[in-house]
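Step one of this worksheet: look at the structure below.
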Amino acid sequence: MKEPLFLEPIFQERIWGGTALKDQFGYEIPSAHTGECWAISAHPNGPSTVKNGVFAGKTLIELWKEQPALFGNYPSDVFPLLTKILDANADLSVQVHPDDAYAKVHENGELGKTECWYVVTCKEDAEIVFGHTAKTKEEFVQQINDGNWSELLSTVKIQPGDFFYVPSGTIHAIGEGTVILETQQSSDTTYRLYDYDRVGQDGQLRELHIDQSIAVSTIPHQDPNTTPEEKNIPSAVIKKFVEAEYFTVYKWDVKGQATFNGSTFLLASVIDGEGALTVNGQTYSIQKGDHFILPENIGEFQIEGEASLIVSHV
Ligand code: ZN
């Protein structure tokens, strides 16, 4: 069963969402407030379904349980990763995620959430909130109580192609006018620290989780980001952004015909261009917006064309 698993994404409406997932990726979105494309997901809040081959129609949740060999019998009750594309048409709330230990106790056994972002597109002068300035927990709490948000929160200007590793405990917010591809632990637990005092369509403020945010935030902030490692292979540039506890994430820029070798199972998202994927003598056309998994020990495969992919593995 050495064939790629192409996946049908699920879309999630969000108050901060827009139409970029249709405008840039050509997806059929449910509304003009579509915030998230859950592209490779086995999370119960939005599992993806296989589109092709012998497993067509199966959800990734079912495959994880029924076909563990596809994933090298990876020792986890749940598929460990979740790939999303986010359209931040407005600022997201300032938030923080718990680690595994905290989530297990306080969120019914849910995983913690360490995530990372590849900036696909953004408006000029787009920025994100990343980290904070407090040196101690006392100072952190004081600034929150005083509402000194501009002093407390650190902002960073971003550009397309930037990458951010966001371990659990990192205060963060994606800013308006940004489309990112997110690779994360398969978790849906977010603690909202600050929402710019915005009211929703119902005239209500969204719920905040100040106590949980204080409990799980890393203080002082630690910036884990390093320079990506770049490697050239024939007809492709492989950029490794991060190799960390929960995932390793790369960008593959293919121009021509490149040959790869798959050992551990891989998650792949085509974020630009088009081409052909050849696995075991079978060729599949791929284009921007496609997402697929290459099962464990797929062996040698080729990608031909001009395409950029974000690829990850556990
Ligand atoms: Zn987050």
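The analysis underlying the following values was restricted to heavy atoms, covering all of them including side chains, and did not include hydrogens, waters or symmetry mates. All values derive from a computational prediction rather than experimental measurement.
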What residues, two or more places apart in sequence or in another chain, satisfy side-chain hydrogen bond (donor to acceptor under 3.5 Å, both in side chains) together with [X]?
{"X": "S269", "answer": "H291"}
{"X": "E8", "answer": "none"}
{"X": "W117", "answer": "E115, E182"}

If you look only at distance, which donor and acceptor atoms sit under 3.5 Å apart when one is on a side chain in residues 229-244 and the other is two or more places apart or in another chain?
unit_1 : atom_1 : unit_2 : atom_2 : d
S235   : OG     : Q257   : O      : 3.4
K240   : NZ     : E243   : OE1    : 2.6

Do [X] and [Y] make a side-chain contact, defined as non-hydrogen atoms from C-beta onward lying under 4.5 Å apart?
{"X": "C37", "Y": "Y27", "answer": "yes"}
{"X": "T189", "Y": "H106", "answer": "no"}
{"X": "F79", "Y": "S186", "answer": "no"}
{"X": "I214", "Y": "K137", "answer": "yes"}
{"X": "L309", "Y": "I303", "answer": "yes"}
{"X": "F163", "Y": "I310", "answer": "no"}
{"X": "Q282", "Y": "K2", "answer": "no"}
{"X": "P80", "Y": "W64", "answer": "yes"}

Nearest atoms (heavy-atom pairs only) where [X] meets [Y]:
{"X": "Y284", "Y": "N52", "value": "CE2-ND2, 4.2 Å"}
{"X": "A134", "Y": "L152", "value": "CB-CD1, 3.9 Å"}
{"X": "A126", "Y": "T178", "value": "CB-OG1, 4.0 Å"}

Taking [X] for its side chain and [Y] for its backbone only, find out whether a donor-acceptor pair lies under 3.5 Å.
{"X": "S187", "Y": "L111", "value": "yes"}
{"X": "D87", "Y": "T19", "value": "yes"}
{"X": "R206", "Y": "R198", "value": "no"}
{"X": "D202", "Y": "Q204", "value": "yes"}
{"X": "S31", "Y": "H33", "value": "yes"}
{"X": "Q185", "Y": "T114", "value": "yes"}
{"X": "Q12", "Y": "N45", "value": "yes"}

Nearest 0.5 Å, what's the CD-OG distance between E296 and S263?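 One finds 7.0 Å between CD of E296 and OG of S263.
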Residues forming a side chain to side chain contact (heavy atoms under 4.5 Å, CB included) with P47, sequence neighbours excluded: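 So P47 forms a side chain to side chain contact (heavy atoms under 4.5 Å, CB included) with T59, I61.
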Only counting residues at least two apart or in another chain, list the ones meeting side chain to side chain contact (heavy atoms under 4.5 Å, CB included) with T259.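 Once residues adjacent in sequence are excluded, the partners of T259 under the side chain to side chain contact (heavy atoms under 4.5 Å, CB included) criterion are E300, Q302.
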Following the transitive rule for hydrophobic clusters with a side-chain heavy-atom cut-off under 4.5 Å over Ile, Leu, Val, Met, Phe, Trp and Tyr, establish whether L266 and V270 coincide in one cluster.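 Hydrophobic grouping puts L266 with V270.
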Could you check V279 against E3 for side chain to side chain contact (heavy atoms under 4.5 Å, CB included), going step by step and ending with a plain yes or no? CA-CA 7 Å; V279 180; E3 57 181 1; 5.8 Å; no
Can you run down the salt bridge (Lys or Arg N to Asp or Glu O under 4.0 Å) pairs that involve residues 39-65, sequence neighbours left out, and say none if there aren't any?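 Output for this query lists K58-E66.
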Can you establish whether the number of heavy atoms outside [X] located under 6.0 Å from its atom [atom1] is more than 12?
{"X": "N145", "atom1": "CG", "result": "yes"}
{"X": "K288", "atom1": "NZ", "result": "yes"}
{"X": "N108", "atom1": "CG", "result": "no"}

For residues 125-135, pull every pair meeting side chain to side chain donor-acceptor pair (under 3.5 Å), keeping only residues two or more places apart or in separate chains.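 Residue pairs passing side chain to side chain donor-acceptor pair (under 3.5 Å), neighbours aside: E127-K157.
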Aromatic ring proximity, centroids under 6.0 angstrom, F6 and F292: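 Yes, the ring of F292 comes within the 6.0 Å limit of the ring of F6, centre to centre.
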Checking R14 now: which residues fulfil salt bridge (charged side-chain N to carboxylate O under 4.0 Å, His left out) with it, not counting sequence neighbours?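 E36.
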Just grab all the ring-ring contact (aromatic ring centres under 6.0 Å, His included) pairs involving residues 293-314, residues at least two apart or on different chains.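 ring-ring contact (aromatic ring centres under 6.0 Å, His included) check on residues 293-314 returns Y250-H313, F260-F301.
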Residue pairs passing the ring-ring contact (aromatic ring centres under 6.0 Å, His included) test where at least one lies in residues 212-240, sequence neighbours excluded: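 Found F130-H221.
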Can you tell me how the ring of Y196 sits relative to the ring of Y194, calling it parallel under 30°, perpendicular over 60° and tilted otherwise?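 Y196 vs Y194 ring planes: tilted.
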Could you go through the side chain to side chain contact (heavy atoms under 4.5 Å, CB included) check for F71 and L63 one step at a time? CA-CA 9 Å; F71 310 101; L63 272 193; 4.3 Å; yes
Any carboxylate oxygen within less than 4.0 angstrom of a Lys/Arg side-chain nitrogen, looking at D253 and K251?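 Judged by the 4.0 Å cut-off on N to carboxylate O distance, D253 and K251 do form a salt bridge.
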Ignoring hydrogens and geometry beyond distance, is a side-chain donor-acceptor pair present between [X] and [Y] at under 3.5 Å?
{"X": "T121", "Y": "Q24", "result": "yes"}
{"X": "S48", "Y": "S41", "result": "no"}
{"X": "D223", "Y": "N225", "result": "yes"}

Would you please name every residue forming a ring-ring contact (aromatic ring centres under 6.0 Å, His included) with Y74, sequence neighbours left out?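 For Y74 there are no ring-ring contact (aromatic ring centres under 6.0 Å, His included) partners, ignoring immediate neighbours.
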